[in-house]
Amino acid sequence: MNRLQNLFKNKTNSLLSIYFTAGYPELDSTVAIAEALEKSGADFLEIGFPYSDPVADGPTIQHSSEIALENGMTLHVLFEQLKDLRKTVSIPILLMGYVNPIVQYGVENFCKKAAEVGVDGVIVPDLPMYEYEALYSKYFIDNDLSNIFLVTPQTTEDRIRKIDELSNSFIYLLSSSSITGGSLDVSSGIEDYYKRIKAMQLKNPMIIGFGISNKTNFDKACEYANGAIVGSAFVKLLKDEDYLNKIPAFIKSIKS
Amino acid sequence: MKYGVNDLGYYGDFGGAYIPEMLYPNVEELRQQYLTIIEDPAFKAEFDDLMKNYVGRPSPLYHAKRYSEKYGANIFFKREDLNHTGSHKINNAIGQILLAKRLGKHRIIAETGAGQHGVATATVCALMGIECIIYMGEIDMQRQAPNVSRMKMLGAKVIPATSGSKTLKDATNEALRDWIANPVDTHYIIGSVVGPYPYPDMVARFQSIISSETKKQLLEKTGNELPQYVMACVGGGSNAMGMFYHFLDDEDVKLVAVEAAGKGVDSGHSAATTFLGREGVLHGSRTILMQTDDGQVIEPYSISAGLDYPGIGPQHAYLYKINRAKYVSITDDEALQAGLLCSQLEGIIPAIETAHALAYLEKMQFKKDDNVVICISGRGDKDLDTYIKYFGF
Ligand SMILES: Cc1ncc(COP(=O)(O)O)c(C=O)c1O
C-alpha cells in the first residue's frame with residue numbers, strides 16, 4: 001500500500017491537495033515548496049513536471065511551465081532534486097505531466113525512478129486508457145504507483161466504471177470540461193452530475209480539481225467529493241518574492 | 001489497404017489518440033461515426049456536388065512542357081492551386097463541414113498556419129451559415145496578412161496564438177484548448193493529417209480525391225494510370241497524403257515527400273522533421289517530431305508558414321519508417337528560387353509550400369520516359385510579399 005492509499009484509508013473528507021510546477025519560480029525551489037506545504041497542512045501534493053505544449057493547461061500553468069523549462073527543469077533534474085525528498089516530506093506525492101517527456105525518459109525507467117524517490121502516483125492527462133492498460137500498467141503496478149484518471153461531466157457511465165476498475169487510489173473529478181485555471185462550475189446542472197457519480201457507488205474516493213481557488217469553492221467541492229486540488233491559484237502565489245513565507249497563510253485561508 | 005490505419009487507430013507504431021479525458025467524448029464520437037457518415041450515399045452525393053460545382057473539381061492534370069524539357073521527363077502538375085480558395089485545403093474543409101453538420105455541431109474551430117486552411121474553413125462555414133473561430137499564430141498573422149483579411153471578410157473570428165513560437169503548433173494548442181472548453185456543440189476541423197485518431201485517416205480520405213482523379217487523368221493522357229514518381233511538399237502532410245493515397249499499394253510508384261529545411265537542416269532553423277526528429281507524441285498522436293532529449297517540442301522554422309510545424313502525420317511517420325516513401329528537404333532559398341522558376345517557365349506562381357516540392361526536381365535523376373506527378377498544393381498570391389522582399393521586385 002502506498003502513502004496515497006494509506007491516506008484515503010484514514011481520512012475521507014476535506015482533503016486538500018496542492019499542485020505546483022517543479023522548477024518554478026526557481027530551478028531548485030521544488031523541495032522547499034513541498035516542505036512548506038506539508039508544514040502548512042496540505043494533505044498531499046502534485047508536483048508538475050513541465051512540458052512545452054501543455055494543451056490541458058491555462059495561462060498560469062503554461063507560464064510556470066515555460067519558466068521552469070527556461071530554468072533548466074527536466075525529468076532527470078527533477079529526480080535528482082527529489083533524491084532526498086523522503087527525509088523531509090512524508091505526505092503522499094504525485095507527479096503530474098504530459099506523456100511525451102515520460103516516453104522519452106522511458107516509461108519503465110520513469111516508474112522505477114519515481115518509486116525510488118518516494119513518489120506514490122502519477123497523473124498524465126494525455127495518456128490514453130488503452131495504452132496505459134495494454135502497455136504500461138505493469139510498470140505502475142510493479143512499482144506500487146497509482147495512475148490517476150480524469151472524469152468530466154461528459155464521461156459516460158461505462159467509461160467511469162472502467163476507470164474505477166483501473167484506479168487504486170482516487171479518481172480526479174473535473175467540475176466541467178475545462179483547462180486548468182478556470183473557475184469551479186456551480187451551475188444547477190452540476191449537482192446532478194455529482195449525484196449521478198455518487199449513485200454509482202464507485203470503489204475509489206473522488207477528488208475534485210481544476211478551478212478550485214479559495215475556501216468557498218474548496219468547501220463546495222468537499223460537499224461532493226473527498227477533497228479538492230488547488231493548482232493555478234497556488235502557482236500565482238509563487239510569483240511573490242517572499243512566496244515561501246506566504247504559504248502557511250494561503251493554506252490556512254482555504255482549510256481553516 | 002496495406003498502409004492504412006488499423007482498428008486501434010495505429011499505423012505500425014504510429015498514431016493512436018493521446019488526448020486528455022476532456023477531449024475523449026468528442027474524439028470518440030467522431031471515431032464511432034466518421035466512416036458511417038462519409039460512406040453514406042447521401043453524404044457522398046453532397047460532397048461530390050460541392051467538389052464539382054463549388055470547388056471546381058476535378059482539378060486539371062497539366063502537362064508542364066517547359067518543365068518537362070528542363071528536367072528531362074514528363075512532368076505533370078496536379079493543379080490544386082486552381083481550387084476555390086487556392087489550395088488543396090478546401091477538400092478537407094468541405095468534407096469536415098458536411099460531417100460536422102451531420103453530427104449536429106453548430107460551432108467550428110480550426111488552426112491555421114499559412115492561412116489557407118483558415119480561409120478554406122471560413123469559406124465552408126460561410127457556405128453553411130455556421131459560426132467560425134480560427135486560431136492563428138501571431139507571427140503567421142503578420143507574414144500571411146492577406147489571408148487574415150480574407151478570413152475576416154468571410155465572417156470568421158481570427159484569434160492570435162501568442163504562446164510558444166506563435167506559429168502553427170501553438171495555434172493547434174489553442175484550438176485544442178478551445179475544444180476542451182466547448183465539449184458539446186463544437187467541431188474542430190483539423191487542417192492536416194495530424195491529431196488524434198480518427199483525424200489522420202479522415203483527412204487523408206477527404207484529400208484522397210487528389211490521387212483518385214490523378215489516376216484517371218494519367219490513364220487518359222499517358223495510357224497508364226501509374227506514374228514513376230509522385231511528389232508533394234509536407235507540413236503536416238495532407239496534400240502529400242492525398243497525392244499518395246491511391247498510389248500507396250502500387251509499390252512501383254516512387255513517392256517523394258519534401259519537407260522544409262528552413263535555413264538548412266543543421267542551422268538550428270529548420271522544419272525538416274524526419275531528418276531532425278525522433279519518435280514521440282505530439283498533438284494527440286504518436287509520430288515523429290522535433291524534440292529535445294527531454295521530450296520538449298523544438299520550435300521549428302521555415303519561411304513557409306504552412307510547413308513550419310515540428311511534426312508530421314502518423315501515417316507519414318510510418319511510410320518513412322518502413323521506407324515506402326522517401327522524405328527529403330529543401331531550404332528557404334531553394335524553394336523561393338523554384339517559385340520564381342515555375343512562375344517564369346510555366347506562368348504559375350506557386351505557394352511557397354508548393355515551391356519546396358518543385359525545388360526538389362533539381363535533385364532528381366529521371367529517365368526520359370518517366371512520368372512524374374507533382375502536387376501544386378496552392379497558389380502564391382498569399383506569398384507575394386515574401387517573394388517581393390526576397391527578389392527585390
Ligand atoms: C499551399 C499549401 N501547401 C501545403 C501546405 C502544408 O500542409 P499539408 O502538409 O497538410 O499539405 C499548406 C499549409 O498551409 C499550404 O497552404
Side-chain angles (χ1 to χ4, degrees), chain A residues 49-59 62-63 65-66 68-69 72-78 97-106 110 123-132 134-135 149-156 159-160 163 171-174 176-182 210, chain B residues 7-10 13 15-29 111 161-165 169-186 195-197 278-287 289-299 310-311:
Chain A
F49 49 94
Y51 179 51
S52 53
D53 294 77
V55 292
D57 286 301
Q62 285 174 41
H63 177 76
S65 303
E66 206 174 317
L69 288 173
M73 181 49 70
T74 66
L75 275 176
H76 286 277
V77 171
L78 178 60
Y98 292 81
V99 71
N100 195 47
I102 300 179
V103 168
Q104 300 310 317
Y105 194 92
F110 172 85
I123 308 175
V124 190
D126 58 344
L127 175 61
M129 197 195 282
Y130 164 76
E131 279 74 7
Y132 169 72
L135 307 172
F149 292 92
L150 273 52
V151 162
T152 81
Q154 281 75 38
T155 310
T156 58
R159 192 164 164 87
I160 295 175
I163 285 172
I171 293 174
Y172 196 135
L173 219 56
L174 271 59
S176 63
S177 181
S178 67
I179 54 175
T180 56
F210 286 34
Chain B
D7 290 345
L8 293 167
Y10 278 84
D13 294 336
Y18 291 76
I19 46 168
E21 185 62 30
M22 297 78 96
L23 290 176
Y24 182 82
N26 265 324
V27 172
E28 177 62 12
E29 179 185 31
E111 86 297 337
T162 56
S163 57
S165 56
K169 115 180 140 68
D170 312 285
T172 308
N173 291 340
E174 290 305 328
L176 287 168
R177 288 179 186 126
D178 180 309
W179 211 20
I180 285 174
N182 295 284
V184 180
D185 65 337
T186 298
Y197 177 68
R278 288 197 323 276
E279 293 179 21
V281 176
L282 177 67
H283 293 146
S285 65
R286 199 172 172 113
T287 185
L289 64 138
M290 293 166 51
Q291 55 182 319
T292 64
D293 290 345
D294 188 44
Q296 309 299 336
V297 182
I298 290 178
E299 292 173 0

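Every heavy atom of this structure was used, including side-chain atoms; hydrogens, water molecules and symmetry mates were not. Chain naming here is simple, since letters A, B, ... match the order of the sequence lines and numbering starts at 1 in each.
Applying the salt bridge (charged side-chain N to carboxylate O under 4.0 Å, His left out) rule to Asp53(A) yields the partners Lys169(B); only residues at least two apart in sequence or on another chain are considered. For Tyr18(B), the ring-ring contact (aromatic ring centres under 6.0 Å, His included) test picks out no residue, with sequence neighbours left out.
Atom CE of Met22(B) is separated from atom CG of Leu150(A) by 6.0 Å, given to the nearest 0.5 angstrom. Residue Asp294(B) holds its CG atom at 9.5 Å from CZ of Phe49(A), rounded to the nearest 0.5 Å. With values rounded to the nearest 0.5 angstrom, Leu173(A) atom CG is found 11.0 Å from Glu21(B) atom CD. For the atom pair Glu28(B) CD and Thr155(A) OG1, the distance stands at 11.5 Å (nearest 0.5 Å). Note that the OG1 atom of Thr152(A) and the CD1 atom of Ile180(B) stand 10.5 Å from one another [nearest 0.5 Å].
The backbone N or O of Glu279(B) sits less than 3.5 Å from a side-chain atom of Gln104(A), completing a donor-acceptor pair. Formation of a donor-acceptor pair under 3.5 Å by the Arg177(B) side chain with backbone atoms of Pro54(A) is found in this model. Of the possible donor and acceptor atoms, one in the side chain of Gln296(B) sits under 3.5 Å from a partner among the backbone N and O of Pro50(A).
For Ile298(B), no part lies under 4.5 angstrom from a heavy atom of chain A. Neither the backbone nor the side chain of Leu23(B) comes within contact range of chain A; no heavy atoms are under 4.5 Å apart. Within the 4.5 angstrom heavy-atom criterion, only backbone atoms of Asp293(B) (N, CA, C, O) approach chain A. Neither the backbone nor the side chain of Tyr132(A) comes within contact range of chain B; no heavy atom of the residue lies under 4.5 Å from a heavy atom of that chain. Interface remark: Ser178(A) contributes backbone atoms only to the contact with chain B (heavy atom separation under 4.5 Å).
Between Arg286(B) and Glu131(A) no salt bridge is recorded (no basic side-chain N to carboxylate O distance below 4.0 Å).
For chain B, the option among Asp57(A), Ile102(A), Val151(A) with the highest count of heavy-atom pairs below 4.5 Å is Asp57(A). Contacts with chain A were tallied for Val297(B), Leu176(B), Val184(B), Thr172(B); Val297(B) has the most, counting heavy-atom pairs under 4.5 Å. With respect to chain A, the highest number of heavy-atom pairs below 4.5 Å among Leu282(B), Thr292(B), Leu8(B) belongs to Leu8(B).
At a cut-off of 3.5 Å, with distance as the only test, a side-chain donor of Gln291(B) or Asn100(A) sits close to an acceptor on the other residue.
Considering Met129(A), Gln154(A), Arg159(A) as possible partners of Tyr24(B), the one that fulfils the side-chain contact (heavy atoms from CB on, under 4.5 Å) test is Arg159(A).
Of all the heavy atoms in Ser177(A) and Pro183(B), the pair that sits closest is CB-CG, 3.5 Å.
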